[in-house]
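Notes follow once the structure below has been shown.
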Amino acid sequence: MKNIKTTPDLNRKAKLEAFDRLLTIMDELRENCPWDMKQTMESLRHLTIEETYELTDAIIENDMQEVKKELGDLMLHNTFYARIGSEKGAFDMADVLNGVCEKLINRHPHIYGDVEAKDERAVKENWEKIKLKEKGNQKKSVLGGVPKSLPAMVKAMRIQEKARGVGFDWEKKEQVWEKVEEEMNEFKAEFNIENETEIDKTKAQAEFGDLMFSLINYARFLDINPEEALERTNKKFIKRFNYLESESAKDGKNMWEMSLAEMDEYWNKAKSLK
């Protein structure tokens, strides 16, 4: 192991005490609260998904107090799953934590071993290679670790990252942009807006998917998270549209009776808002 430098954690004792307190409370609730006693991993699953999305909202809004709150909720869920696992005799919190510790050590040989990794790309490539070699992964696909239920945009990003981890990737972003233009031109040629002929929606969907995939690929080369970028645009649109609704109402106007030109006046004002 290399000589690892770490900053002393002066609050480690307080953190351990807080985690011990959570474990104690979880035990008390599981054994005494009618609702907590009834829960299963399956019943908690949709709640965990909801909490995860609430955390992502707080992160995008850069609301540190909400981030803290949502992290606490997710810690509670993790503790709950570990408690249920221990009741089934499958695993407990110690197994969970030791398992992730061993995984981190094994997948960071540039820190805990003799492997050299000069940049982030090398670290990611090592991670994917080690993951494939680990027990249970020998016969799995490189893409096997991508959850099937991920949102499509996030899944596309992860697929591309994993392919890159084994060297299957473009070398330069210019090459990726050429692919974007190629897909755009194919889509435009096939479904030209000036052509009134009824389109083949199945084919159009496939071509549009190719275009989206190439744009996500290009975003990755620019170190842009496409999911976050789109969500920020969603929030910007909602804010401006809410302004259009509220300000037009103040002026006694009904949106259903307004022309697009009238709406644009409010929209353009909204665009000047921060």
Side-chain angles (χ1 to χ4, degrees), residues 49 52-53 55-63 67 100 103-104 106-113 115-134 137 140-193 202-240 271 274:
I49 294 172
T52 302
Y53 278 106
L55 173 61
T56 64
D57 285 344
I59 291 172
I60 289 176
E61 294 295 333
N62 196 30
D63 188 334
V67 169
V100 73
K103 180 171 72 173
L104 289 173
N106 188 46
R107 294 189 188 177
H108 288 80
H110 54 290
I111 301 297
Y112 300 102
V115 173
E116 295 294 330
K118 297 180 179 180
D119 54 30
E120 179 187 3
R121 179 173 182 175
V123 172
K124 288 183 177 180
E125 289 178 353
N126 284 337
W127 179 283
E128 294 300 337
K129 291 175 182 177
I130 294 169
K131 188 173 182 179
L132 285 174
K133 292 179 181 179
E134 289 174 349
N137 283 310
K140 289 186 177 180
S141 165
V142 170
L143 306 181
V146 180
K148 295 179 180 179
S149 58
L150 274 180
M153 187 173 293
V154 179
K155 184 186 291 184
M157 187 84 168
R158 293 296 294 129
I159 287 171
Q160 293 167 5
E161 289 175 342
K162 285 186 173 293
R164 181 188 182 96
V166 293
F168 187 75
D169 200 7
W170 301 95
E171 295 179 355
K172 300 177 181 179
K173 67 176 184 292
E174 291 84 0
Q175 296 172 311
V176 187
W177 183 247
E178 287 177 3
K179 184 63 177 177
V180 172
E181 291 183 322
E182 176 188 326
E183 296 292 352
M184 175 63 80
N185 289 333
E186 287 181 5
F187 187 81
K188 182 179 179 181
E190 189 73 29
F191 311 104
N192 195 307
I193 58 173
T202 300
K203 188 174 182 179
Q205 184 182 58
E207 293 291 346
F208 186 74
D210 291 344
L211 175 59
M212 287 287 290
F213 193 84
S214 63
L215 278 170
I216 292 169
N217 215 355
Y218 188 66
R220 182 171 56 85
F221 269 75
L222 297 184
D223 198 25
I224 293 173
N225 186 309
E227 177 76 14
E228 181 178 340
L230 182 58
E231 180 58 15
R232 289 186 183 279
T233 296
N234 288 340
K235 289 182 177 294
K236 180 171 62 178
F237 184 93
I238 291 171
K239 182 178 181 180
R240 292 175 180 176
K271 287 168 68 175
K274 293 183 179 180

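In what follows, residues are counted from 1 in the order of the sequence shown.
- When the shell of 6.0 Å around CD of Glu181 is examined, it contains more than 12 heavy atoms from other residues, nucleotides or ligands.
- Counting heavy atoms of neighbouring residues, nucleotides and ligands inside a 6.0 Å radius, atom CG of Asp119 exceeds 12 of them.
- A 4.5 Å side-chain heavy-atom check between Glu228 and Arg232 finds at least one atom pair inside the cut-off.
- For the pair Lys203 and Glu207, the salt-bridge criterion is not met [side-chain N within less than 4.0 Å of a carboxylate O].
- Taking each heavy atom of Trp170 and Gln175 in turn, the nearest pair found is CE3-CB, 3.5 Å.
- Checking side-chain atoms of Lys155 against main-chain N and O of Ser149 turns up no donor-acceptor pair under 3.5 Å.
- A donor-acceptor contact closer than 3.5 angstrom is absent between the side chains of Glu182 and Asn185.
- With rounding to the nearest 0.5 angstrom, the CG atom of Asn234 is 4.5 Å from the CG atom of Leu230.
- Atoms OG1 and CD1, on Thr233 and Ile238 in that order, are 11.0 Å from each other to the nearest 0.5 Å.
- With respect to Asp169 and Arg220, a salt bridge is recorded, a charged nitrogen being found less than 4.0 Å from a carboxylate O.
- Atom CD of Glu231 is separated from atom OG1 of Thr56 by 7.0 Å, given to the nearest 0.5 angstrom.
- The local environment of NZ in Lys235 is crowded, with over 12 non-hydrogen atoms from other residues, nucleotides or ligands closer than 6.0 Å.
- Glu161 and Arg164 are not joined by a salt bridge, as no carboxylate oxygen comes within less than 4.0 angstrom of a charged side-chain nitrogen.
- The line from CZ of Phe208 to CE of Met184 is 8.5 Å long, rounded to the nearest 0.5 Å.
- Distance check, rounded to the nearest 0.5 Å: NZ of Lys103 to CD1 of Ile130 gives 12.0 Å.
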- Stepwise side chain to side chain contact (heavy atoms under 4.5 Å, CB included) test for Lys236 and Arg240: CA-CA 6 Å; Lys236 180 171 62 178; Arg240 292 175 180 176; 3.5 Å; yes

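- Partner Leu211 forms a side chain to side chain contact (heavy atoms under 4.5 Å, CB included) with one of Glu186, Lys188, Glu183 and no other, that one being Glu183.
- The aromatic rings of Trp177 and Tyr218 sit tilted relative to each other, their planes meeting at an angle between 30° and 60°.
- Among Lys173, Gln160, Met212, the one residue that satisfies the side chain to side chain contact (heavy atoms under 4.5 Å, CB included) test with Asn217 is Gln160.
- Under the 30°/60° scheme for interplanar angles, the aromatic rings of Phe191 and Phe187 are found to be tilted.
- Across all non-hydrogen atoms, the minimal contact from Val176 to Ser214 is CG1-O, 4.1 Å.
- For CD of Gln205, the number of neighbouring non-hydrogen atoms (other residues, nucleotides, ligands) closer than 6.0 Å is 12 at most.
- Separating the CE atom in Met153 from the CD1 atom in Ile216 is a distance of 4.5 Å, to the nearest 0.5 Å.
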